[in-house]
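In what follows, chains carry the letters A, B, and so on, assigned in the order in which the sequence lines appear, proteins first and then strands, with residues in each chain numbered from 1.
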Amino acid sequence: MIPEELKFTTKEFPKQEIKSIVLVTGNLPSQVRFGLRIQEQFPERVASWIMFVNKKSRRTDSVSRWIKFKHFVKFPIRNFKTIRKLGFKRFLFGLYFEWFRKDLLNYGDNFVSNQVSFLKEEMSDMNQMKYCEPYKVKWANFADPCFEKLMTAPPYFLCSFGGPLIPQRILSAVPCAINQHAGFSPTYKGSYTIEWAIYKREFNRIGTTVHLMDSSADGGPILRRSHPYLHPTFNHYEAVIATEILGTELMIDCLNEISENESIRVYHQDVLYSRTFTSDEYTDEIKDQVIKTVRNGWLKKEIRRHKIF
Amino acid sequence: MEKAWYIINYHDVNWEEPMALKVGGTVPPNFFADHLQYLCQKGELVSIEEGERRVIEGNLNKPLFSIWFDDGLKGVLKYAAPILKKYNLKAAISINSDFYNHNQLGWIFKLSYLRSTDYFKSFRSFLRKKGWSSNDTMLSFVVDNFSIEIVKYIDTLYAKIPEHVRSFHLQHLFCSVSELKELQDRGWLIANHSKSHFPVIEETAFHLIKEEFMKCEIDMLANGLNSGIDYLVIPFDRVGERVADYENLIRRMFPEKKLILVGQTGNSAENILRNVYYRISAPWGWSSDFDLILH
């Protein structure tokens, strides 16, 4: 779908017979899936794949020990009736530690394992069709020689998902630089935008955007924006994964359209109604609230409510 | 599970479910792949033709499953077809001539879109005069009280949406004629789902049934989409709301055609020989939900 409320123009791209693609991603499973899926859809057109590694992310980090300690203390109070029923000793020696391990030690830690289990089947098939191996680069190291090579022999498309902000000197060398953002631009740009939409309880802002890149975070004109399919059993990690997968599919639509027509309608973001969230703003307390919101069933209820027509 | 031939009915297979076009029936590709794996374990996946043949021959040593898609949505070609290709399975897809010709969006899609705009308040006022209250589900009220007047009012409101939005919907939601031909060339059955997707088996719109299916058939033949022209797939089939004696009435209008209904049951030789086929709506969750449906 498209951002209907934004003003649009048509952007033309240079005519070129061979439209090669360079991918720039991070190394999370959904970003690896992005690289594999583009290769599957565009055989022999992906010239190279630059993968940034060693990024620290609050999605994969644990919550702080202080928050875990608070939960550890509140845990018996919240589960008092169950303890009374089972008996304190049994609770203390057996089930408590079992619950503690599952419920608390892994609290907020299972983003990557959620991605792996969600994407496992699909990626094992796509791996077989892979023809371009990722070239690994340290996070935000734009001094790596691969970028000089990119600027001297630029591809037609530079497709990005999950990498750092790409400097303007690199973007200017490429006719068409597109980014996939797991968030509903322009209202939710930057980092952890799905989590922010859940925190603010804006269900209709859980979405994905594909846009042309400029040097700002998620700031360029929008090409596509839509909402993913969500199931009531999804936790917030799965909502993020579903959004990321949809973004990849919308990116493929855009690549097909630009390859065919050498032009595309672009929707201009209104700075007045934009908001860019930085990663510093997404604190452990916010993360804790997001997890609690989903555990309390808000996401499930909203998904069910929106399905009733 | 009974050894019968089960036709599993889907609408769209897609990662996307836009807020503004939420009509239900979407299943994401990973769930769809999970469903097929489950069905393979429980029985055998077969095409529609093979299912018919084996049921009539009585060759059922295990449950048979076939896949059927309604409305001709693009996600079927984009996501479902590659997954089905891995199983070497040819499915069926039923289409509406208004949709695949990109003439206009289906009235239910227009209504779903209007929900996300302020034009919806006009529609609510319009429906209130017809007896709707906010306790009723909008869609079931509209289908219960279906009329061309309601469809025309929806069209009037939808026409106020900017042209670039309307054309985007048309281009991106439904398979085009060339895409349907591609599926037909792969051996898929392309069936008749009526021209405009009205609830033609209910009292409110039964008088339109002949015109709706005839117009769609003429258009399908003109476009060379004839592999499943003998199958009439009833839109909005609600089991308890069909007109009395619908089977005989429809058979008189379309004597050689095969009637495809919602039945939530498997098919046996008895109903196949009567030219009536029953389909089961696919679950919208993981394959574990199939246990409730198929048993």
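A:Leu250 touches chain B through its side chain: at least one heavy atom from C-beta onward sits under 4.5 Å away, while N, CA, C and O do not. B:His169 touches chain A through its side chain: at least one heavy atom from C-beta onward sits under 4.5 Å away, while N, CA, C and O do not. For a residue to count as touching a neighbouring chain, one of its non-hydrogen atoms must lie under 4.5 Å from one of that chain's; by this rule A:Arg205 does not touch chain B. Heavy-atom distances place both the backbone and the side chain of A:Phe203 under 4.5 Å from chain B. Neither the backbone nor the side chain of B:Asp34 comes within less than 4.5 Å of any heavy atom of chain A. Of the atoms belonging to A:Arg265, it is side-chain heavy atoms, and not backbone ones, that fall under 4.5 Å from chain B.
Atom CH2 of B:Trp15 and atom OG1 of A:Thr248 lie 10.0 Å apart (nearest 0.5 Å).
The shortest side-chain heavy-atom distance between B:Tyr79 and A:Glu249 falls under the 4.5 Å cut-off.
In B:Lys74, the NZ atom is crowded: over 12 heavy atoms of neighbouring residues, nucleotides or ligands sit closer than 6.0 Å. Surrounding NZ of B:Lys90 are at most 12 heavy atoms belonging to other residues, nucleotides or ligands under 6.0 Å away. For A:Lys300, the NZ atom counts as loosely surrounded, since its 6.0 Å shell holds 12 or fewer non-hydrogen atoms of other residues, nucleotides or ligands. The environment of OH in A:Tyr199 is sparse: at most 12 heavy-atom neighbours from other residues, nucleotides or ligands sit within 6.0 Å. Residue-environment remark: OH (A:Tyr131) exceeds the threshold of 12 foreign heavy atoms within 6.0 Å. No more than 12 heavy atoms of other residues, nucleotides or ligands shown are found within 6.0 angstrom of CG on B:Asn88.
Nearest heavy atoms, B:Val165 versus A:Ile2: CA-CD1, 4.4 Å. Taking both residues in full, the closest heavy atoms of A:Tyr229 and B:Thr26 are given as CE1-O, 3.1 Å, listed atom of the first, atom of the second, then distance.
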Checklist entry - Does the side-chain contact (heavy atoms from CB on, under 4.5 Å) test come out yes or no for A:His231 and B:Phe31, once each step is laid out? => result CA-CA 10 Å; A:His231 192 264; B:Phe31 282 23; 3.7 Å; yes
Item to check | Test side-chain contact (heavy atoms from CB on, under 4.5 Å) applied to A:Arg224 and B:Glu16, step by step | outcome: CA-CA 12 Å; A:Arg224 294 281 191 276; B:Glu16 187 178 8; over 6 Å; no
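Between B:Lys78 and A:Asp253 there is a salt bridge, with a side-chain nitrogen of the basic residue lying less than 4.0 Å from a carboxylate oxygen of the acidic one.
The greatest number of non-hydrogen atom pairs below 4.5 Å with chain B, out of A:Leu246, A:Leu230, A:Asp125, is found for A:Leu246.
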